[in-house]
Q: 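Have a look at the structure that comes next, please.
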Amino acid sequence: MDESHDQKCELPGNFSGVAECEASSVQVEKNTIQSPTKDLDNTIETPYAGMPFESFEEAKKYYERYGVSKGFSTITRSSNKSWLHCDKTCEGICECNHYEFVGIPCAHILKVLSKLDLYKIPESFINKRWLKGANRFWRGGKEGSLCQEQVDAMNIGYLCQEATKLVCIASRTPASYKLFLDGLRELGKQISEIMPDKVADEDVSEELDVTCASREDPSPVQQPVILLDPKVSQTKGSRKKTEDVPTGKHGRHLHLIEVATNKIKRKCRSCNTFADHDSRNCPQNPTSKRAKSNPPGGRIVDNQVINCNDEGVNFFEARVNGHLSDTLNNPISEELDLLLPKDITFINGWDRKGLLSVQVNNFDCGGMALGVCLSHKAGDASSLGLFLNNWAALTREDKDGILRPELDLTSVFPPGDVTSYVHTSTGSPPQNVINKRFVFDARNVAALKAKSSNELYVEHPTRVEAVSALIWRCAMKFVRMRTRSVESVTVANHAVNLRWRMVPPLSNLFFGNLVSGAMATLRTESPPELHCLVSQMREAVSKVNGEFVRNLQGDGLSAYWNHLKEVNEQQVKGVLELFMFTSWCRFPFYEADFGWGKPIWISTVNCDFKNFFILMDTKCGDGVEAWISLDEEDMARFECDLELIAFTSAENI
């Protein structure tokens, strides 16, 4: 189809086009103007979309004849290009009325302009609103079609705009203020002479004269501001004057909120106590918002029972003189211990101020370290991770991120008589314990796992098993050097999360201390190989299964506790050496985002018991950070072990 067939509609009325170009670029030959009425058929058909033509020349001649019939003439340039023009103004109306409603020429008008070889939109089809000075109004000259009221309104608006600019500038200094005021009066006199009948009311000028005539300083006078008492109105809900209004100690009328807060406390049906809450927001009610957001807010009573009285947690703020980068580049356990409210909350490992304490440490550089202490009577590492992530989600107002903790552990482990369970220490006095951090990066962990692997024992050890086996092996070496005995007995007690060992497994949302120990005992003359130690620990952990948990839920708890006491007594006597392992790996501590991003580093601090090893994730999640607690003599031998040095790296955070 030829391009001339794209004409789809007609522009009715007198539409004319003018080719706009420089005079020098158009050469009009003489005697080339054809007569508008010569050899034309007056009944020529109006072009329509899809009109058939045999050739381009036929279509061109047809449109030229149609244009001549409508009053146009044909001019032939030297370039043999046809132009259609008319002496009339280039105006027209399209039946779609798009230009009249939108102000933009429609596709039909643009098509006709292209057929007329008009490559510039005529001014008649350019609305003033699209021009650069569209928001400028007329300020003189020819008024056009504007009436006098519109002209006066625009003049007033422009004069006010310019006068406001001068007023803002002149009011800054007394000299400019006086100059502007004198000039304004002089200008008013000149305008009065030109238009005596249009002078403004003289009262305004007289008032200005009175204001500034009585003082030499021409700066404006600031009138005093008088604030009146607000109007008292009778609104809905307010007391009538006839009622007795409650008053305070000094006769002051009390607000309704003050009266409500001093009312007699009601008895809560959930905890059966008179408190400032009811059963809907009782801390002991698992469905309440208060219980959901603050589980460890109670207090310990007689070292046996946790009273959920919602007294809250201990919260402290501290200022640290230093930069956070110094602590991260060289973490010292004694300095990290100061970032926790440990000395205030815990005494000899037993808390006396509450179940949870928080200390916010602000560094001089703007960094922040959050220290949290949770009593093991209230929860374990899994519960601490749940609390931190819920607190973080609540801070950043992430409702979907708040996981409702399950507090009904009595249905899993019914409460029993624990008065006969006496706490015994598992280590030497705190003053002899040294804590140090050893880092096993991802590369060393992979090499250690490969060395610990054996098809006859454990083919694919975990990173926790491999690191624990290496630490246990190095510990056996310094024990043998210290005791100088031919045969030594060592016990590795690894903490196990009972939630994953129950049948069926318990959800991680259960808040509480659900940890048991898996003991692996070895009586050897020399430290075994790593794959043997991995096999011993895996076998001990595998015994903590569903049957083991069911025994603890019944009468087996007493036997288990007596076994722990017996092992502790043998350690004190020097019969055996007990090593305590606990792993905080895979717990979501690094996911606690309080709104300013995820934490840079998660770490534990000093432990008061010797022979205590805590394993934690590195920032990348593939490595292991081991915090070792030993006495001074054993630590000196332990950190010099060549096998340990080969798999550790002294890298910063």
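The figures that follow rest on heavy atoms only: side chains count, while hydrogens, waters and symmetry mates do not.
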Q: Checking ring pair (Phe, Tyr, Trp, His ring centres under 6.0 Å) for the pair F612/W627: CA distance, chi angles, key distance, verdict?
A: CA-CA 8 Å; F612 203 89; W627 283 89; over 10 Å; no

Q: For the pair F581 and F613, name the ring-plane relationship: parallel under 30°, tilted 30 to 60°, perpendicular over 60°.
A: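 Tilted.
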
Q: Return the set of residues passing salt bridge (Lys or Arg N to Asp or Glu O under 4.0 Å) with D593 (not counting sequence neighbours), or none when no residue passes.
A: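 Here no residue qualifies.
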
Q: Just wondering, more than 12 heavy atoms not from K543 lying within 6.0 Å of its NZ?
A: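 Check fails, neighbour count at 12 or below.
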
Q: Under the salt bridge (charged side-chain N to carboxylate O under 4.0 Å, His left out) definition, can you give me all pairs with a residue in residues 459-469, not counting sequence neighbours?
A: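 Listed by first then second residue: R463-D617, E465-R538.
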
Q: Quick check: do F413 and L552 have side-chain heavy atoms less than 4.5 Å from each other?
A: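 Yes, side chains in contact.
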
Q: Are side-chain N/O atoms of Q359 and N361 paired as donor and acceptor at under 3.5 Å?
A: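 Per modelled atom types, Q359 and N361 side chains form a pair under 3.5 Å.
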
Q: Among residues at least two apart in sequence or on other chains, which ones pass salt bridge (Lys or Arg N to Asp or Glu O under 4.0 Å) with E633?
A: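 Checked E633 against salt bridge (Lys or Arg N to Asp or Glu O under 4.0 Å); matches are R637.
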
Q: Which residue pairs pass the salt bridge (charged side-chain N to carboxylate O under 4.0 Å, His left out) test with at least one member in residues 596-605, sequence neighbours excluded?
A: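 Listed once each, the pairs are E591-K598.
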
Q: Just by distance, no angles: are the side chains of E625 and W601 close enough, under 3.5 Å, to form a donor-acceptor pair?
A: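 Looking only at side-chain atoms, W601 and E625 do form a donor-acceptor pair, the distance falling under 3.5 Å.
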
Q: Please list all pairs meeting side-chain hydrogen bond (donor to acceptor under 3.5 Å, both in side chains) that have one or both residues in residues 580-589, counting only residues at least two apart or in different chains.
A: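 Not a single pair qualifies under side-chain hydrogen bond (donor to acceptor under 3.5 Å, both in side chains).
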
Q: Checking S535 now: which residues fulfil side chain to side chain donor-acceptor pair (under 3.5 Å) with it, not counting sequence neighbours?
A: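 Checked S535 against side chain to side chain donor-acceptor pair (under 3.5 Å); zero matches.
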
